[in-house]
Amino acid sequence: MEEKIKQLYEDINFIGFYCTYHKEGTYIEKAQKLIPQIEEFCRWFLEENKFGIEEDLYVALKRNLIDILNDCMQALKERDRVLMMDALEQGLVEYLRLFMPEECLEES
């Protein structure tokens, strides 16, 4: 799962950079292609507390992650680039960072 998390992290960061740098309005379309990987990560995280996180904190993290997923779905429905960017780059990426090796985080 570590490689998939790393790839998803890189993909989210890339589409943000690419669409901003190229002033291209295809963020939603590019993000939509990542939905299967996003769903896979979320199912894996929500499946059970296999991380040794205090139960109350884990429940709060699960609720927050579900809110992020809801924001992604709303952004897709409404074609809202800003909401999608916020959900992915300020929300989901923070969860992915929890499972990234430190050397990868230092490079980004």
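The structure displayed is predicted, hence computed values, not measured ones.
If you check the side chains of Q74 and N70, you find no donor sitting under 3.5 Å from an acceptor.
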Discussion item. Test ring-ring contact (aromatic ring centres under 6.0 Å, His included) on F45 and Y58; report intermediate values, then the result.
Written reply: CA-CA 10 Å; F45 185 89; Y58 181 65; 5.7 Å; yes
Item to complete: With side chain to side chain contact (heavy atoms under 4.5 Å, CB included) as the test, would you mind laying out the steps for R43 and E47 before giving the verdict?
Response: CA-CA 6 Å; R43 271 194 301 277; E47 197 171 81; 5.8 Å; no
Item to complete: Would you sort out whether L88 and I38 count as a side chain to side chain contact (heavy atoms under 4.5 Å, CB included), showing the intermediate values?
Response: CA-CA 9 Å; L88 294 181; I38 292 168; 3.6 Å; yes
Discussion item. I5 vs L98, test: side chain to side chain contact (heavy atoms under 4.5 Å, CB included). Steps then yes/no.
Written reply: CA-CA 10 Å; I5 290 170; L98 295 172; over 6 Å; no
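Look at E29 and R79 and you find a salt bridge, because one of the NZ, NE, NH1 or NH2 atoms lies within 4.0 Å of a carboxylate O, short of that distance.
V93 places none of its side-chain heavy atoms less than 4.5 Å from the side chain of L8. Side chains of I15 and L34 form a contact here, defined as non-hydrogen atoms less than 4.5 Å apart. A heavy-atom distance below 4.5 Å is not found between the side chains of K4 and F41. Residues L92 and I12 are in side-chain contact: their nearest non-hydrogen atoms beyond the backbone lie under 4.5 Å apart. Between I28 and D80, every side-chain heavy-atom pair lies at or beyond the 4.5 Å cut-off.
Rounded to the nearest 0.5 angstrom, M100 CE and Y9 OH are separated by 5.5 Å. Atoms NZ and CD1, on K62 and I53 in that order, are 11.0 Å from each other to the nearest 0.5 Å. Note: Q32 CD to M84 CE = 7.5 Å, rounded to the nearest 0.5 Å.
Under the 4.5 Å side-chain heavy-atom criterion for Ile, Leu, Val, Met, Phe, Trp and Tyr, Y27 and L83 are members of distinct hydrophobic clusters. Follow the hydrophobic side-chain contacts under 4.5 Å out from L69 and you never reach V59; the two are in separate clusters. Follow the hydrophobic side-chain contacts under 4.5 Å out from I35 and you reach L96 in the same cluster.
Residues M1 and E40 come closest through the heavy atom pair CE-O, 3.9 Å. For the residue pair Q37 and K33, the shortest heavy atom distance occurs at OE1-O, 3.4 Å.
Aromatic rings from F99 and F51 are positioned such that their centres are separated by under 6.0 Å. Aromatic ring centroids of W44 and Y95 lie 6.0 Å or more apart.
Formation of a donor-acceptor pair under 3.5 Å by the D86 side chain with backbone atoms of V82 is not found in this model. Counting only distance, with no hydrogens or angles, the side chain of N64 and the backbone of I68 share no donor-acceptor pair below 3.5 Å.
Within a 6.0 Å radius of NZ in K77, other residues, nucleotides and ligands contribute 12 heavy atoms or fewer.
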